[in-house]
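Let me begin by presenting the structure, written as structure tokens, before commenting on it.
Numbering starts at 1 and runs along the sequence shown.
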Amino acid sequence: MHILLLGGTTEARRLAESLHGTARVTTSLAGRVAAPRLPPGEVRIGGFGGAEGLARWLREHQVDAVIDATHPFADTISSNAARAAAEAHVPLLALRRPGWAPVDGDDWHPVDTLAQAAEAARALGRRIFLTTGRMGLASFAHVTDAWFLLRSVDPPEPPFPPRLEVLLDRGPFTLPGEREVLRRHAIDVLVTKDSGAAATAPKLRAAREAGLPVVLIRRPPAPEGVPVARTVEEAAAWAATLVAGRRR
């Protein structure tokens, strides 16, 4: 049985490890990170050429199932996966970790887009910590009356805000480390996406402790009609059921 795993997340890597040896697994990575952590099994890097290209790849490589374990905000590939799986008549599962939930003391300002986040952040502070990734930096490029600290795995490319400092780092991040970033850079507002990852959650606690507002970008929903697993274990069980069915 051949499973295409659309990856790039910690959960995708863990799922590839769980499925290794039970089925043929090909993990697809977008190629946006210069030195990604590679999972076990086969790996391909790069796009497919839209939904039509992905459907063609599924047929040509005799894929029996697709698991979309991309980042919760990778809505383009998730939409393409839903269309391609339907066209190729291949079962599809979305693996989506739960989002974050506020607790007492949080000062969250939810928005739906990066553009809205830029306007909300500039209204809340002038020293802004961006943890939204380098790909969406253009949405903040027009903001000239604030200073930005961007944390990113790889250096960003323009356009970006004129007053920008880049902190190259890769999670998981610790609470003491996040406290130090906020203190050292005199941050007065945090901007982040509701990725829901435990590895990046300490920044929310650090912001809460410091009494800082957080502009939180809501995640897009999974494509309509696509079943969703919340944990790696649920996704592995779904795949195991398909594998067992193939062996009968």
Could you give me the CA-CA distance, side-chain angles and deciding distance for Phe129 and Val191, then say whether side-chain contact (heavy atoms from CB on, under 4.5 Å) is met? CA-CA 6 Å; Phe129 184 20; Val191 180; over 6 Å; no
Check this for me, if you would: do [X] and [Y] make a salt bridge, where the nitrogen-to-carboxylate-oxygen distance has to be below 4.0 angstrom?
X	Y	answer
Arg151	Glu178	yes
Arg184	Glu180	yes
Glu157	Arg134	no
Glu209	Arg205	yes
Glu11	Arg96	no
Arg14	Glu17	no
Asp145	Arg122	yes

Of the non-hydrogen atoms in [X] and [Y], which two are nearest, and what is the gap between them?
X	Y	value
Ser78	Thr70	OG-OG1, 3.6 Å
Ala69	Thr9	O-OG1, 2.7 Å
Arg127	His185	NE-O, 2.8 Å
Leu5	Ala12	CD2-O, 3.3 Å
Ile128	Ile187	C-CD1, 4.3 Å
Ala229	Ala235	CB-N, 3.8 Å

Do [X] and [Y] belong to the same hydrophobic cluster, where Ile, Leu, Val, Met, Phe, Trp and Tyr are linked whenever their side-chain heavy atoms lie under 4.5 Å apart, directly or via other members?
X	Y	answer
Leu190	Trp147	yes
Trp100	Leu182	yes
Leu93	Val25	yes
Leu130	Val166	yes
Val189	Leu164	yes

Residues 211-222 side chain polar contacts: donor-acceptor under 3.5 Å, at least two apart:
| residue | atom | partner | partner atom | Å |
| --- | --- | --- | --- | --- |
| Arg218 | NH1 | Asp112 | OD1 | 3.0 |
| Arg219 | NE | Asp194 | O | 3.1 |
| Arg219 | NH1 | Arg97 | O | 2.6 |
| Arg219 | NH2 | Arg97 | O | 3.3 |
| Arg219 | NH2 | Asp194 | O | 3.0 |
| Arg219 | NH2 | Ser195 | O | 2.9 |

Can you confirm whether [X] sits close enough to [Y] that some side-chain heavy atom of one is under 4.5 Å from a side-chain heavy atom of the other?
X	Y	result
Leu6	Val66	yes
Glu165	Leu150	no
Val143	Phe148	yes
Leu204	Trp108	yes
Thr192	Lys203	yes

Side-chain ([X]) to main-chain ([Y]) donor-acceptor, under 3.5 angstrom:
X	Y	value
His71	Phe73	yes
Asn80	Gly50	no
Thr22	Leu19	yes
Asp188	Arg126	yes
Ser152	Pro155	no

With side-chain contact (heavy atoms from CB on, under 4.5 Å) as the criterion, how do Asp107 and His109 come out once you've worked through the C-alpha distance, each side chain's angles and the decisive distance to 0.1 Å? CA-CA 7 Å; Asp107 180 16; His109 300 258; 3.0 Å; yes
In Å and rounded to the nearest 0.5 Å, what is the [atom1] to [atom2] distance from [X] to [Y]?
X	Y	atom1	atom2	result
Arg56	Leu58	CZ	CG	10.5 Å
Glu119	Leu114	CD	CG	12.0 Å
Leu15	Thr27	CG	OG1	8.0 Å
His142	Thr144	NE2	OG1	8.5 Å
Asp64	Met1	CG	CE	5.0 Å
Ser28	Ile45	OG	CD1	9.0 Å

Cation over ring face, Arg44 and Phe48, 6.0 Å, 45°: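 Judged by the rule (NZ or CZ under 6.0 Å from the ring centre, within 45° of its axis), Arg44 counts as positioned above Phe48.
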Using the ring of each side chain (for Trp, its six-membered ring), is His61 parallel, tilted or perpendicular to Trp57, with breaks at 30° and 60°?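 Parallel.
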